[in-house]
A.B. asks: 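Dropping a structure here in structure tokens format, bear with me for questions.
Below, each value reflects all heavy atoms present in this structure, side chains not excepted, and no hydrogens, waters or symmetry copies. As the structure is a computational prediction, the values presented were derived from the model and not from experiment.
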Amino acid sequence: MKSRNFSFFLFVLGAIAVLAASPLSAQTRVGEAAVVKNQVLRVAGSATSQLNVGDGLLRDEIVRTGLDSAARLVMSDSTNLSLGPSASLKLDRTVFDDETHYRDVAIRLTSGAFRFVTGNSEKAAYKITTPLATIGVRGTTLDILSQRGQTVVNLREGQASVCTVSFECVQLTSPGDTAVITLSGGKTTIKKTNNPPWTFAKTCSAAAGLCSATQYANASPTVTPPVDDGSDPTGMLCGR
């Protein structure tokens, strides 16, 4: 009897070891890269690697672009996230209702310029944060600039609620409505304007397909081979 119990114990240990070694058990694919230009890094813990077109995105990963770099990420619910140069974001939390809808998704935009286009999930599922603001969306396309001491949120389509960390809020209801959150002298202020000081539009030319929006099933794009001119071998990878 002891021998049988010991054998069963070894079997259970072996099964646990196999499950622990499986990447699917530890991480869930939540999207993929559709456009990558130049240096776009994925950071998971202490590991850093180049992100390439078609690579899957995992929860809790940080995605960071370098100078003269850009990326567009397509989430499993077909949310499109475009990043300009020197931008950084973290996929903080993703809870699925099914394969193409989130019950809860949190994205932290640390620094840089972004365009956010909501996907198939209920709009209440989305939570976007910057160091100075929390953004709730309702069927929305947003341009977001996160800088030291300031966040700019420009509404292109839909509606959005923008709040400071001290819960002062403004509602963006018409295209062009913009919230400007500023930290100065230890005090955070928020104002609403329809004369935006910045939009993502000028960044769209940084890479082909950067400001397109595609469904997740069609996220893997055609890749344009780089010209062999001695430049960065990743070149420009274009998404359609």
A.B. asks: For the side chain of Ser161 and the backbone of Gly136, is there at least one donor-acceptor N/O pair under 3.5 Å apart?
C.D. replies: no

A.B. asks: Kindly compute the distance separating CZ (Arg42) from CD1 (Ile62), expressed to the nearest 0.5 Å.
C.D. replies: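 These two atoms lie 12.5 Å from each other.
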
A.B. asks: To the nearest 0.5 angstrom, please state how far the CE atom of Met75 sits from the CG atom of Asn120.
C.D. replies: 12.5 Å

A.B. asks: Where is the tightest heavy-atom contact between Ala34 and Val74, given as atom of each residue plus distance?
C.D. replies: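 The pair with the smallest heavy-atom distance is CB-CG2, 3.8 Å.
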
A.B. asks: Using 0.5 Å steps for rounding, measure from the CG atom of Leu132 to the SG atom of Cys163.
C.D. replies: 13.0 Å

A.B. asks: For the backbone of Gln215 and the side chain of Ser78, can you confirm whether one donor and one acceptor N or O come within less than 3.5 Å of each other?
C.D. replies: no

A.B. asks: Do Val152 and Ile144 have side chains that approach each other closer than 4.5 Å (heavy atoms only, starting at C-beta)?
C.D. replies: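 Sidechains of Ile144 and Val152: no contact.
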
A.B. asks: Sequence neighbours left out, cut at 3.5 Å: what donor-acceptor pairs do the side chains of residues 187-197 make with other protein atoms?
C.D. replies:
residue : atom : partner : partner atom : Å
Lys192  : NZ   : Gln171  : O            : 2.8
Thr193  : OG1  : Asn195  : N            : 3.0
Asn194  : ND2  : Asp177  : OD1          : 2.8

A.B. asks: May I ask you to test the Thr182-Val180 pair for a side-chain heavy-atom distance under 4.5 Å?
C.D. replies: yes

A.B. asks: At their closest point, which heavy atom of Val35 faces which heavy atom of Ala207, and how far apart are they?
C.D. replies: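 Result for this residue pair: CG1-CB, 4.1 Å.
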
A.B. asks: Could you tell me whether Asp68 and Lys37 have a side-chain N and a carboxylate O separated by less than 4.0 Å?
C.D. replies: yes

A.B. asks: Closest approach of Phe116 and Ile107, non-hydrogen atoms and distance?
C.D. replies: CE1-CD1, 4.0 Å

A.B. asks: Do you see a donor-acceptor pair shorter than 3.5 Å between the side chains of Thr164 and Ser166?
C.D. replies: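 Side-chain D/A pair, Thr164 to Ser166: present.
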
A.B. asks: Using side chain to side chain contact (heavy atoms under 4.5 Å, CB included), reason through Phe114 and Val153 one step at a time and then give a plain yes or no.
C.D. replies: CA-CA 10 Å; Phe114 307 87; Val153 183; over 6 Å; no

A.B. asks: For the CG atom of Leu51 and the CG atom of Leu41, what is their distance to the nearest 0.5 Å?
C.D. replies: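 Separation between the atoms: 8.5 Å.
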
A.B. asks: For residues Val162 and Leu183: do they belong to one hydrophobic cluster (side chain heavy atoms under 4.5 Å, members Ile, Leu, Val, Met, Phe, Trp, Tyr)?
C.D. replies: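 Yes, Val162 and Leu183 fall within the same hydrophobic cluster.
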
A.B. asks: If I compare all heavy atoms of Tyr126 with all of Val137, which pair ends up nearest, and what's the gap?
C.D. replies: CB-CG2, 3.5 Å

A.B. asks: For Ser121 and Asp77, work out which heavy atoms get closest and say how close.
C.D. replies: OG-OD2, 2.8 Å

A.B. asks: Check the hydrophobic clustering (I, L, V, M, F, W, Y; side-chain heavy atoms under 4.5 Å; chains of links allowed) and say if Val117 and Val36 are grouped together.
C.D. replies: no

A.B. asks: Yes or no on side-chain hydrogen bond (donor to acceptor under 3.5 Å, both in side chains) for Asn80 and Tyr216, after CA distance, side-chain angles and deciding distance?
C.D. replies: CA-CA 9 Å; Asn80 280 247; Tyr216 181 63; over 6 Å; no

A.B. asks: Would you confirm whether Thr65, through its side chain, and Ala87, through its main-chain N or O, come within 3.5 Å as a donor-acceptor pair?
C.D. replies: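 Yes, because the side chain of Thr65 sits within donor-acceptor range (under 3.5 Å) of the backbone of Ala87.
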
A.B. asks: Evaluate Leu57 against Leu73 for side chain to side chain contact (heavy atoms under 4.5 Å, CB included), listing each step before the verdict.
C.D. replies: CA-CA 8 Å; Leu57 303 170; Leu73 315 176; 3.7 Å; yes

A.B. asks: Would you check if there is a donor-acceptor pair between the side chains of Gln39 and Ser69 at a distance under 3.5 Å?
C.D. replies: no

A.B. asks: Looking at OG of Ser82 and CG of Leu210, how far apart are the two atoms once the value is rounded to the nearest 0.5 Å?
C.D. replies: 4.5 Å

A.B. asks: Quick check for you: to the nearest 0.5 Å, what is the distance between Thr203 atom OG1 and Leu83 atom CG?
C.D. replies: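 So the gap between those two atoms works out to 10.5 Å.
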
A.B. asks: Sequence neighbours left out, what pairs pass side chain to side chain donor-acceptor pair (under 3.5 Å) with at least one residue falling in residues 137-155?
C.D. replies: Arg115-Asp143, Thr130-Thr151, Arg138-Gln159, Asn154-Thr178

A.B. asks: Quiz question: by atom type and distance under 3.5 Å, do the side chains of Thr214 and Arg72 form a donor-acceptor pair?
C.D. replies: yes

A.B. asks: Determine the minimum heavy-atom distance between Ala160 and Leu142, stating which atoms define it.
C.D. replies: CB-CD2, 4.0 Å

A.B. asks: Under the side chain to side chain contact (heavy atoms under 4.5 Å, CB included) rule, what do Gln50 and Asn52 come out as? Steps first, then yes or no, please.
C.D. replies: CA-CA 6 Å; Gln50 172 71 24; Asn52 297 306; 3.5 Å; yes

